[in-house]
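Have a look at the structure below, then the notes.
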Amino acid sequence: MQKITAWILDVYPDETGMVIWLIDKTGRHFRTHHHWQPTLHLQVAPPDERAFAALIRQYSNHLNIKNDRKYDVFHKWQKILTIKLSSPLILDRISRQIQKNMIHSLYWQGNLDPAQMYLYENGLFCLAYCEFHLDNNNEITKIILKDDREATEFAMPPLKTINIKTAGRKTNPKHALLNDLEIEYEGQTIVLEKDEPRQMLETLDTILKNYDPDIIFSRYGDSYIFPRLDKFCQQARFPLSLNRDTGKNTSFGREHTYFTYGKIVHRAGIASLFGRLHIDQRNSFLYRESNLEGIIELARLSSIPVQKMARSSIGTAMSSMEYVVAYKNDIIIPTAKQEPEDFKSGEAHLLSDKGGLVFMPNVGFHENVSEIDFASMYPTIMVKFNISPETINCDCCPDAPTVPEIGYRICQKQKGIIPETLAPILKKRAYYKELQKKAEANNDIATYNKYYLRQNALKWILVTCFGYLGYKNARFGKIDAHESVTAYGREILLQAKDIAESEGHEFLHAIVDSLWLKHESGHHHVRHNGEFCEIRLQNLCDRISNETKIPISLEGNYKWICFVPSKMDSKIGAANRYYGCFENDTLKIRGIEARRHDTPPLINDFQLDLLAQMSKHKNVKAIQKNLPKYWQQFEDLLHNLFDGEIDVEDLVISKNLSRDPDSFAVETHTAIAAKEMLGRGMKVGAGDQVQYIITDAESEDRTSRVRCFGHMDADWAYDAKKYGELLIRSFTSLFSCFGYDDEYMLKWYKDWINKNYENLHRHKRLELSHGPKQMEGRLLPQRQN
DNA sequence: TTCAACCACTT
DNA sequence: ACCCTTGGTTGAA
């Protein structure tokens, strides 16, 4: 027998169990194997008995079935069949077959990834430090975990990394011809030339064999580099050593598009390696947000293997963390959500259907305002009030306290699966934030970054876990739990408002988890009375935190803040559109043009420039005094626009395609630009970004309304009038409360055009002062073949 | 000119 | 493989 103490690098199934790659303190790696059989649970309904018999017949040698009992999520003792499969490789097939042919039956643990299932069952995770007992065939006989996924300090193995990317272009090269490849490792860069494919493969192979990296980072490795390399290898019959496991070939997953945070995201198919990790930095939300630190943090918490974690959505990580808890508590996981929404009376529905509480702010400018924010309000509510699908209206606590307004009971006896999942995450994040602060104070940038990245990854779990509660496909989701959270949220916000008012603060505005309070008039500057204010606010926050049990803290004191009026009704504010300036002259901007990614650079820069100037003013009077100056800047820019002096790249509008170009019902600018690109042989689809210039917004001929950026040639010019309107809109967003509202501005605009550009025909195209710039990198190249 | 459907985006 | 709202545009009535 042999003992190795090492980290788990990667896990994947084979015929008889799991292949487990280890890496030790010195960076040595080992391929080991652990015999393992996956388990499913089933409760066969009478109509499905024939289908079940057929399944047993078909897989007679592969299924080991016994009668069993298990608790389900609702703590019901279920009489079930436990089915052991002979090999993890048939798990997917059998799981699908049960789901398809046995629709009346109850079925648990279906559609789980075998590697994750193995890790859940053994309480393990990738990058866990363990002691492994091996026999002479490298077969694992015992694993002793010497690590804890909830630990905030954990050791990491020494990982050798290498970077592969295409030379030159920064854009997605999926349409492009093959480019040179750049390989970076140990501080050196090697360029592999595209003209010598054989040479390219041989050099890369040598590097892989000699340097033997643990992680390959790439840009567009999933969609481009790895598929091309694979094709080359096949053509040249060259066995490239991408995989450490010599028996395996690179696996290419299916590409897919999905909806998240209100937009379609395109995810290229995963190119995953065996025994070595490939992370495509451009196909990983998590990498972009929180680097390898965040990927590893979540891989440890969720038991999702690192390569898959890198490409997973936050929702997937959240689900997997719930499964970890379920396995730990020996609770079986339903294959699909089965619990229908509880019956509700009309009235209850009306009350509970509301989301977060939002007030209507008094529009316009306010001075001497402080903002206080609840930290992670919704997840904290879930943990503090034990809100989980199975804790709502449980059978065991008929006299339990109820949720405000909607009256659901919440279980007092059993801790819910969601609170149990979230509690350690909240705790861990708070701890990381503390360490981050400490490192900042010590000017220790490396440590600061490490903890910033980790807490940021956890933040994403916390901001999405609430939405996931009500998501109809989530296995542990239930809309009632969702509603309970917002009900508590509303009550807590109102409670905070009452406390603030009782302490003599003037309530100004509140959105879900933030409150804006005004200080009594008489102190023109918070600074003037600063210290007194700080203490009063600190006391207020302490009192609210104590009474509501949700921590709240001071976000900052505003010199001035402006709540932008709604376009629908200028009397009331659009709840989430505001901008303000803190005492230290930093700005907070929400909802207005400069915050939107589809605002062209010209407009964006103009608005931000105005705001930067305004941030120097200490009160509203000073802003008002400078209005003529701002107006002049606005009018000058408008003249520039009409005189054709603006570079086209400052007018580019970028939008995400919500669907494939041909399936748009309305010919929006986005749809027109996408179709133009399609016509030029470029591959654009849902989730891709299109960039275009408005050339003639009012044209009868739809195709002339916009041009996709990159194909603007000298025959085309931008539509100054239209961009003028966008410019005006960005101006009114800032100054409508001074009388520069839409109505006034649009009338002024009409007169201004008549006066200054009366010879400008409505559809006249302007000459460009400089030809369109073809910017390297922003230009989408023609697709090959 | 009006308005419903559609689309993109933010919190 | 998430909730809903606001604001703007399109194109037919």
Side-chain angles (χ1 to χ4, degrees), chain A residues 111 254-267 285 311-319 336-337 352-360 373 377-378 460-461 463-483 485-486 489 509-514 564-570 572-579 588-599 653-659 661 663-674 686-687 689-690 692 694 697-700 702 705-706 722 725-726 728-730 732-733 742:
Chain A
N111 302 342
R254 283 228 330 264
E255 65 176 337
H256 65 161
T257 49
Y258 63 95
F259 222 72
T260 181
Y261 255 80
K263 71 173 190 181
I264 290 247
V265 176
H266 181 86
R267 191 104 306 165
F285 168 82
R311 284 87 167 171
S312 292
S313 70
I314 298 298
T316 307
M318 175 73 203
S319 305
K337 200 187 112 172
S352 63
D353 227 5
K354 289 186 291 185
L357 186 56
V358 171
F359 287 84
M360 293 300 160
D373 292 351
M377 186 197 231
Y378 283 172
W460 280 106
I461 298 283
V463 301
T464 50
C465 65
F466 163 70
Y468 223 67
L469 254 191
Y471 176 46
K472 61 183 185 305
N473 290 344
R475 298 190 201 209
F476 296 120
K478 195 166 140 178
I479 198 72
D480 312 71
H482 195 270
E483 291 163 357
V485 174
T486 54
H509 181 40
I511 306 173
V512 187
D513 56 359
S514 308
V564 179
S566 161
K567 304 255 170 179
M568 300 285 160
D569 180 352
S570 60
I572 60 167
N576 328 320
R577 281 161 58 87
Y578 62 87
Y579 60 94
K588 183 166 181 184
I589 307 168
R590 288 299 119 97
I592 61 175
E593 287 74 9
R595 289 284 290 194
R596 298 174 64 107
H597 78 74
D598 61 344
T599 303
I653 296 172
S654 302
K655 293 214 189 203
N656 292 310
L657 280 185
S658 60
R659 55 191 68 225
S663 40
F664 277 97
V666 177
E667 298 272 357
T668 59
H669 289 167
T670 314
I672 297 166
Q689 211 179 48
V690 294
Y692 62 85
I694 302 174
E698 292 169 58
S699 171
E700 298 283 316
R702 291 196 179 101
R705 287 179 189 170
V706 302
K722 185 70 189 175
E725 282 167 19
L726 299 180
I728 284 172
R729 205 175 293 149
S730 74
T732 56
S733 282
D742 277 346

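Below, read A as the first sequence line, B as the second, and so on, with proteins coming before strands; counting in each chain starts at 1.
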Exercise. Looking at the side chain of A:His482, which of C:dC3, B:dT10, C:dT10 is the nearest nucleotide?
Worked result: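 Selected nucleotide: C:dC3.
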
Please tell me which of the listed nucleotides, B:dC7, C:dG11, B:dT10, lies nearest to the side chain of A:His597?
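My answer, after comparing the listed nucleotides, is B:dT10.
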
Check: Is there a side-chain contact between A:Asp513 and A:Tyr378 (heavy atoms, below 4.5 Å)?
Finding: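 Not in contact.
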
Look at [X] and [N] and indicate whether a side-chain polar atom (N or O) is within less than 4.0 Å of OP1 or OP2.
X        : N      : result
A:Arg729 : C:dT9  : yes
A:Thr486 : C:dC3  : no
A:Arg577 : B:dT10 : no
A:Arg705 : C:dG11 : yes
A:Arg595 : B:dT11 : yes
A:Arg596 : C:dG7  : no
A:Lys722 : C:dT9  : yes
A:Arg590 : B:dT11 : yes
A:His669 : C:dT9  : no

(message) With a 4.0 Å cut-off on N to O distance, would you call A:Glu593 and A:Arg596 a salt bridge?
(response)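 A salt bridge is absent here (no side-chain N lies under 4.0 Å from a carboxylate O).
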
Nearest-Å distance, [atom1] ([X]) to [atom2] ([N])?
X        : N      : atom1 : atom2 : value
A:Leu657 : B:dA8  : CG    : C1'   : 11 Å
A:Ile672 : B:dC7  : CD1   : C1'   : 13 Å
A:Asn656 : B:dC6  : CG    : P     : 20 Å
A:Lys655 : C:dT9  : NZ    : C1'   : 9 Å
A:Arg659 : B:dA8  : CZ    : P     : 7 Å
A:Phe664 : C:dG11 : CZ    : P     : 13 Å
A:Ile511 : C:dT6  : CD1   : C1'   : 13 Å
A:Asp598 : C:dT9  : CG    : C1'   : 13 Å

Side chain to side chain contact (heavy atoms under 4.5 Å, CB included) between A:Tyr692 and A:Thr670, intermediate numbers included:
CA-CA 8 Å; A:Tyr692 62 85; A:Thr670 314; 4.1 Å; yes

Would you find a donor on one side and an acceptor on the other, under 3.5 Å apart, between the side chain of A:Arg702 and the backbone of A:Ile672?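 The answer is no, because no donor-acceptor pair under 3.5 Å joins these two groups.
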
Do side-chain atoms of A:Arg659 reach the backbone of A:Phe664 as a donor and acceptor pair under 3.5 angstrom?
->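 No, because the side chain of A:Arg659 does not come within donor-acceptor range (under 3.5 Å) of the backbone of A:Phe664.
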
